[in-house]
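Right, one structure below, let's go through it.
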Amino acid sequence: MTEIRTPRLLLRRWYDDDLAPLSDINADPAVMRWIGDGSVRDLDATAEEIERWEEEWDDEGFGVFAVELLASGELAGAVGLSVPEYLPELMPAVAVDWRFGTPFWGQGYASEAAHATLEFALQDRGLDRVISVDRPQNQASLNVVRKLGMEPERTIEHPEYGFPLSVHAIDLTEFQA
Ligand SMILES: CC(C)(COP(=O)(O)OP(=O)(O)OC[C@H]1O[C@@H](n2cnc3c(N)ncnc32)[C@H](O)[C@@H]1OP(=O)(O)O)[C@@H](O)C(=O)NCCC(=O)NCCS
């Protein structure tokens, strides 16, 4: 079972008890504003998402972690790796993504979890390159991208929704773990 501990966080696979708190996060328009078409997700859609992430763990040997606060055991959000199959022009690629509940913003948790995820990508999975795909308006996410040392690569168009997406990448062989 893959688990990572950082000073304040536990990154782990998903439990049944995560469904309700992740569903609360996914129901918040502020969280979902720049994800997909910006719609919130209900309990069923959240259950499907957890199932998809767990399948990715089984199939690829990496995936999206549940992020738990060590101090309280609360589920704060999700951070991890996925194959962005919805963007064929970027393939082959592995992307890093993050999503936290609003009470957990502004405390450095996303950066702490993302940093540990890049270390995992390099050291455990032997990946040498990871990308991030963001709406250009998503300044909070792009702030994390910059702090990780990811470099701007190109802008593409979302194949389904038509809006622009900023692509950043990092060469993990030069990543300062
Ligand atoms: C994107 C997102 C994860 C960023 O979260 P965040 O909390 O702003 O990111 P960070 O973890 O980097 O924390 C940011 C701030 O916490 C503050 N902070 C407080 N305590 C800190 C600590 N101990 N260590 C580091 N930063 C700390 C810092 O001021 C930092 O801001 P700065 O980088 O300007 O200095 C969050 O906005 C989110 O979940 N958005 C919705 C989902 C989304 O859009 N995901 C991306 C698209 S897939």
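Every number for a ligand or one of its atoms is a count from 1 in the order of the listing. Heavy atoms only: backbone and side chains are in, while hydrogens, waters and symmetry mates are out.
If you check which protein heavy atom lies closest to atom 23 (N) of ligand 1, you get R8 NH1, 3.6 Å. Protein heavy atom closest to atom 33 (O) of ligand 1, with residue, atom name and distance, is K147 NZ, 2.6 Å. Of the protein's heavy atoms, G108 CA, 3.3 Å lies nearest to atom 26 (N) of ligand 1. Residue, atom and distance of the protein heavy atom nearest to atom 32 (P) of ligand 1 are N143 ND2, 3.7 Å. Of the protein's non-hydrogen atoms, the one nearest atom 3 (C) of ligand 1 is A110 CB, 3.5 Å. The closest protein non-hydrogen atom to atom 39 (O) of ligand 1 is F100 N, 2.8 Å. Summary of contacts: the protein heavy atom closest to atom 40 (N) of ligand 1 is W105 CZ2, 3.5 Å. Protein heavy atom at the shortest distance from atom 22 (C) of ligand 1 is Q107 O, 3.4 Å.
Inside a 4.0 Å radius of atom 28 (C) of ligand 1 there is not any protein heavy atom. When distances from atom 20 (N) of ligand 1 to the protein are checked, a heavy atom turns up under 4.0 Å. Under the 4.0 angstrom criterion, atom 5 (O) of ligand 1 counts as having a protein heavy-atom contact.
With hydrogens and angles ignored, the 3.5 Å screen pairs a side-chain donor or acceptor of W105 with a backbone N or O of F100. Here the side chain of E54 pairs a donor or acceptor atom with the backbone of W14 at under 3.5 angstrom. The closest donor-acceptor contact from the side chain of Q137 to the backbone of W34 lies at 3.5 Å or more, if one exists at all.
Using a 4.0 Å cut-off to heavy atoms of I35, the atoms of ligand 1 that qualify are 42 (C), 43 (C). Short contacts between ligand 1 and S141, defined as distances under 4.0 Å to a heavy atom of the residue, involve ligand atoms 1 (C), 46 (C). Residue-ligand proximity, V144 to ligand 1, at heavy-atom distances under 4.0 Å covers atoms 4 (C), 9 (O), 12 (O). Proximity to Y109 (heavy-atom distance under 4.0 Å) selects the following atoms of ligand 1: 11 (O). Residue S111 has at least one heavy-atom neighbour below 4.0 Å for each of these atoms of ligand 1: 10 (P), 11 (O), 12 (O).
At a threshold of 4.0 Å, the pair R99-D28 does not count as salt-bridged, since none of the basic side-chain nitrogens sits closer than that to a carboxylate oxygen.
Heavy-atom neighbours of D37 CG from other residues, nucleotides or ligands within 6.0 Å: above the threshold of 12. Within a 6.0 Å radius of CG in D59, other residues, nucleotides and ligands contribute more than 12 heavy atoms. Sparse packing is recorded around CZ of R33, with 12 or fewer heavy atoms of other residues, nucleotides or ligands lying under 6.0 Å away.
With distances taken over non-hydrogen atoms, the option nearest atom 8 (O) of ligand 1 out of S132, G106, G77 is G106. Of the candidates N138, L142, V31, N138 brings a heavy atom nearest to atom 44 (O) of ligand 1.
Residue R8 forms a salt bridge (charged side-chain N to carboxylate O under 4.0 Å, His left out) with just one option from E68, E74, E112, and that option is E112.
Heavy atoms only, all atoms of each residue included: R129 and A169 are closest at NH2-CB, 3.8 Å. Heavy atoms only, all atoms of each residue included: N26 and M32 are closest at O-CG, 3.3 Å. Shortest non-hydrogen contact noted between S111 and L148 is O-CD2, 4.5 Å.
Of the polar atoms of W98, at least one N or O is found under 3.5 Å from an N or O of ligand 1, judged by distance alone.
Neither the backbone nor the side chain of Q139 has a heavy atom within less than 4.0 Å of ligand 1.
Between F65 and W57, the ring-plane angle classifies as perpendicular under the 30° and 60° cut-offs.
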